[in-house]
Amino acid sequence: MSLDECMSDATPSVNETMDCPGVSPENGQQSAGRRYDMVIIGAGLAGGLAAFLGAKRGLRVLLIERQSFPRSKVCGCCLNLRAQQLLRQAGLEDGLQQLSPVHTDSMRVQYRGRAIKIPMPGGIVVTRKRMDAWLVSEAVRAGAEFCDDTTAKVLPLEIDTVENASENAVYPPYRTVAITGTGRRRESLDFETGAKGLLQREHRTSPGTLTELVSADVVLVCDGLGHPSLSQLPGFQSRPVPNSRIGLGATFAQTQKNSDYPSREILMAVAQQGYCGMVETEDQQWNLAAAVDSDFLQRCGSPLACLKEIFRSAGVSPPAELDTAGIRGTVPLTRRSSRIAGFRLLLLGDSTGYVEPFTGEGMAWAMTAATLALPLAMRGLAAPWSREIEHEFLRQMKTCVAREQGVCRALSAILSHPLLLRLTFTGASLFPLVTQQLVRRVNRLPPLLE
Ligand SMILES: Cc1cc2nc3c(=O)[nH]c(=O)nc-3n(C[C@H](O)[C@H](O)[C@H](O)COP(=O)(O)OP(=O)(O)OC[C@H]3O[C@@H](n4cnc5c(N)ncnc54)[C@H](O)[C@@H]3O)c2cc1C
């Protein structure tokens with residue numbers, strides 16, 4: 001089988017040896033390419049934390065990232081209490097403080113010229129460019145190999161299509177991933193300057209695109225919205241829900257002081273067609289992140305016009321600097337994944353589906369999944385993979401992530417319905433304790449992780 005065939009949609013039989021370059025016998029087993037305990041696809045917060053936790057436990061970890069690091073990402077950049085607690089538990093508290101995060105204590109929700117202030121003590125804000133690069137740098141320091149500018153695709157196996165695999169069936173003790181790009185392994189990453197060290201033994205004279213196979217006992221899929229690395233796997237689909245919103249984001253320096261945007265406060269401008277959050281970041285810039293209806297975006301004619309219209313409708317003046325800021329967009333946001341676990345495969349973070357965050361839960365959910373996945377993935381190392389691992393992962397994700405997502409899903413449904421939105425806004429102004437209770441609920445660490 002040629003490399004191209006390995007990358008094709010054909011599903012090799014699990015009992016078939018794949019005859020690809022790089023396939024070498026190891027410990028009596030056929031293994032495709034260089035072998036790792038864990039290959040992690042995507043260096044966002046799910047992938048970065050999983051790589052750190054795995055390397056710290058002495059595992060051979062390869063973290064693969066499609067973009068060149070450090071990279072920006074459309075995100076509100078607000079880390080809630082749960083996210084901070086998970087980093088603390090991982091032993092990363094000191095590093096987090098060295099990022100000099102901005103501390104926030106409240107969110108001001110602005111709708112049709114009225115405002116309500118929701119206390120949210122203990123929140124912090126760090127740009128994703130620095131946050132994600134810092135986490136990767138910690139993973140590399142702990143011993144993980146990091147490979148950016150490189151795209152990964154998980155190769156399919158027959159077992160991916162088998163619903164109830166026989167207990168007696170023999171499956172390979174690894175999963176194979178094809179990687180395309182520079183393939184360079186980094187030995188260091190300076191998250192402040194972006195400087196990257198190169199593992200000498202990996203140095204390649206031609207920096208061109210190459211395809212290489214690597215294999216691992218367990219693959220963690222942390223590649224975000226739509227899980228593109230699983231496009232060849234039957235049964236693993238990620239579909240946007242109807243009327244899914246589009247994400248928009250921008251960062252800009254504030255040249256004029258504006259009393260509409262006080263420090264330490266998250267501003268949330270809400271309109272019927274979407275909402276837009278804005279907050280000051282640790283580098284004295286402003287980060288803006290929005291989720292908007294796609295037909296509204298089309299009607300407005302441009303992302304800039306769309307954002308300005310949301311500010312105007314909420315009754316806040318849009319920041320003047322927005323006119324010249326580069327605005328980035330995302331694919332349709334809200335989506336569901338048909339499966340979040342498979343043979344030697346666990347999905348984490350946004351790759352499991354996306355639910356619009358309420359007060360910045362997305363990063364906490366991604367890190368929760370990484371924390372849950374690690375001990376379970378380790379059960380699959382050098383041992384027969386069991387469906388029980390997949391079921392346990394599903395159970396834990398349901399308890400620790402899906403329940404909170406239910407609260408946010410309900411809230412985002414309300415926010416896109418004009419009458420319910422008005423009633424909720426009035427209710428939140430009249431009963432602030434209920435709102436605070438909701439915030440506390442999605443912020444707390446689930447008992448399983450305490
Ligand atoms: C508008 C908006 C505002 C938000 N605000 C907040 C907020 O304030 N607080 C909060 O907690 N959450 C927020 N979120 C949610 C948060 O951004 C996500 O939930 C979080 O980033 C998920 O992390 P992740 O690691 O799963 O994925 P990501 O952070 O998306 O990382 C995935 C990585 O995988 C890489 N990748 C993709 N495909 C491949 C491939 N084939 N091979 C290799 N690499 C690949 C990508 O380049 C990317 O770096 C917001 C989201 C949006 C859209």
Side-chain angles (χ1 to χ4, degrees), residues 39-51 62-84 86 104 107 120 123-129 131-133 135-136 146-154 177-181 219-232 244-250 266 268 274-279 281 287-292 307 328-335 347-370 401 405 408 442-443:
V39 163
I40 300 173
I41 304 174
L45 290 176
L49 183 59
L62 174 64
L63 174 62
I64 306 168
E65 167 56 44
R66 184 170 61 182
Q67 297 187 55
S68 179
F69 251 54
R71 57 102 179 87
S72 303
K73 148 135 192 41
V74 173
C75 184
C77 302
C78 299
L79 273 183
N80 70 8
L81 288 172
R82 184 203 281 206
Q84 295 170 57
L86 289 169
T104 54
M107 178 189 273
M120 276 190 207
I124 60 171
V125 180
V126 186
T127 49
R128 289 295 299 270
K129 195 171 179 171
M131 175 79 194
D132 294 23
L135 207 43
V136 170
F146 176 53
C147 196
D148 62 346
D149 260 329
T150 299
T151 300
K153 272 207 190 305
V154 180
V177 176
I179 63 175
T180 309
V219 174
L220 299 184
V221 177
C222 309
D223 55 351
L225 295 174
H227 56 58
S229 70
L230 297 183
S231 60
Q232 296 182 13
S244 172
R245 285 180 162 163
I246 305 285
L248 296 175
I266 304 163
M268 187 64 80
Y275 56 85
C276 177
M278 204 173 91
V279 72
T281 56
N287 182 77
L288 182 150
V292 299
L307 291 173
R328 296 187 306 275
T330 69
V331 293
L333 290 172
T334 311
R335 48 181 69 230
L347 278 66
L348 322 180
D350 282 2
S351 72
T352 61
Y354 181 88
V355 175
E356 283 181 35
F358 165 42
T359 58
E361 294 78 27
M363 291 190 271
W365 291 331
M367 289 194 260
T368 301
V401 175
Q405 287 184 332
C408 293
V442 289
N443 263 265

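Ligands are counted one by one from 1 in listed order, and the atoms in each one are counted from 1 as well.
Shown are Thr151, Ile41, Val136, Asp148; of these, the side chain to side chain contact (heavy atoms under 4.5 Å, CB included) with Glu65 is made only by Asp148.
Which parts of ligand 1 touch Ala289 is read off a 4.0 Å heavy-atom cut-off, strictly below it: atoms 1 (C), 3 (C). Ligand 1 places these atoms under 4.0 Å from at least one heavy atom of Ala366: 23 (O). Numbered from 1 in the order shown, with element, the atoms of ligand 1 that lie under 4.0 Å from a heavy atom of Gly44 read 25 (O), 29 (O), 31 (O), 33 (C). In the vicinity of Asp350, heavy-atom distances shorter than 4.0 Å reach the ligand 1 atoms 18 (C), 19 (O), 20 (C), 22 (C), 26 (O). Short contacts between ligand 1 and Thr151, defined as distances under 4.0 Å to a heavy atom of the residue, involve ligand atoms 41 (N), 42 (N). Atoms of ligand 1 lying under 4.0 Å from any heavy atom of Ala290, numbered from 1 in the order shown and given with element: 1 (C). For ligand 1, the atoms closer than 4.0 angstrom to any heavy atom of Cys77 are 7 (C), 8 (O). For ligand 1 and Cys222, the ligand atoms under 4.0 Å from any heavy atom of the residue are 32 (C), 33 (C), 34 (O).
Of the listed residues (Asp223, Ile64, Leu63, Ile40), the one carrying the non-hydrogen atom nearest atom 36 (N) of ligand 1 is Asp223. In this comparison of Gly249, Ala152, Cys78, Gly47, the heavy atom closest to atom 9 (N) of ligand 1 sits on Cys78. Nearest-residue assignment for atom 47 (O) of ligand 1 (options Glu65, Arg66, Arg82; heavy-atom criterion): Glu65. Taking only non-hydrogen atoms, the option from Gln67, Arg128, Met363 nearest to atom 21 (O) of ligand 1 is Arg128.
Checked against a 3.5 angstrom limit, the closest N/O atoms of Leu248 and ligand 1 fall outside it. Close N/O approach between Tyr354 and ligand 1 is not found [any backbone or side-chain N/O within under 3.5 Å]. Geometrically, ligand 1 and Arg71 share a nitrogen or oxygen pair separated by less than 3.5 Å. Where the criterion is an N or O separation shorter than 3.5 Å, residue side chain and backbone included, Leu45 meets it with respect to ligand 1. Considering backbone and side-chain N/O atoms, Thr330 never comes within less than 3.5 Å of an N/O atom of ligand 1. When only interatomic distances are considered, the shortest N/O to N/O separation between Ala46 and ligand 1 falls below 3.5 Å.
Contact annotation: Gly76 has at least one heavy atom less than 4.0 Å from an atom of ligand 1.
Between Ile40 atom CD1 and Leu49 atom CG the span is 9.0 Å, to the nearest 0.5 Å.
A donor atom on one side chain and an acceptor atom on the other are not found under 3.5 Å apart for Ser72 and Arg328.
Among all heavy-atom pairs drawn from Met363 and Cys75, the shortest one is CE-SG, 4.0 Å. For Ala43 against Arg71, the heavy-atom pair with the smallest separation is O-NH2, 4.0 Å.
Contact annotation for Thr150 and ligand 1: only backbone heavy atoms (N, CA, C, O) come within less than 4.0 Å of the ligand. Residue contacts with ligand 1, taken as heavy atom pairs separated by less than 4.0 Å, do not involve Lys153 at all. Counting heavy atoms closer than 4.0 Å to ligand 1, residue Trp365 contributes nothing at all.
Within the 4.5 Å cutoff, no side-chain heavy atoms of Met120 are placed close to those of Leu81. Between Tyr275 and Arg245, the closest side-chain pair of non-hydrogen atoms falls below 4.5 Å.
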Apply side chain to side chain contact (heavy atoms under 4.5 Å, CB included) to the pair Ile246 and Leu333, showing each step before the final yes or no.
CA-CA 6 Å; Ile246 305 285; Leu333 290 172; 5.9 Å; no

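Checking side-chain atoms of Thr150 against main-chain N and O of Gly181 turns up no donor-acceptor pair under 3.5 Å. Without hydrogens or angle criteria, Gln84 side chain to Leu79 main chain gives a donor-acceptor distance under 3.5 Å. Although no hydrogens or angles enter the test, the distance criterion places no donor-acceptor pair under 3.5 Å between the side chain of Thr104 and the main chain of Ile266.
Asn287 meets the side-chain hydrogen bond (donor to acceptor under 3.5 Å, both in side chains) test with no other residue; sequence neighbours excluded.
Salt bridge Asp223/Arg66: absent, no basic N to carboxylate O contact under 4.0 Å.
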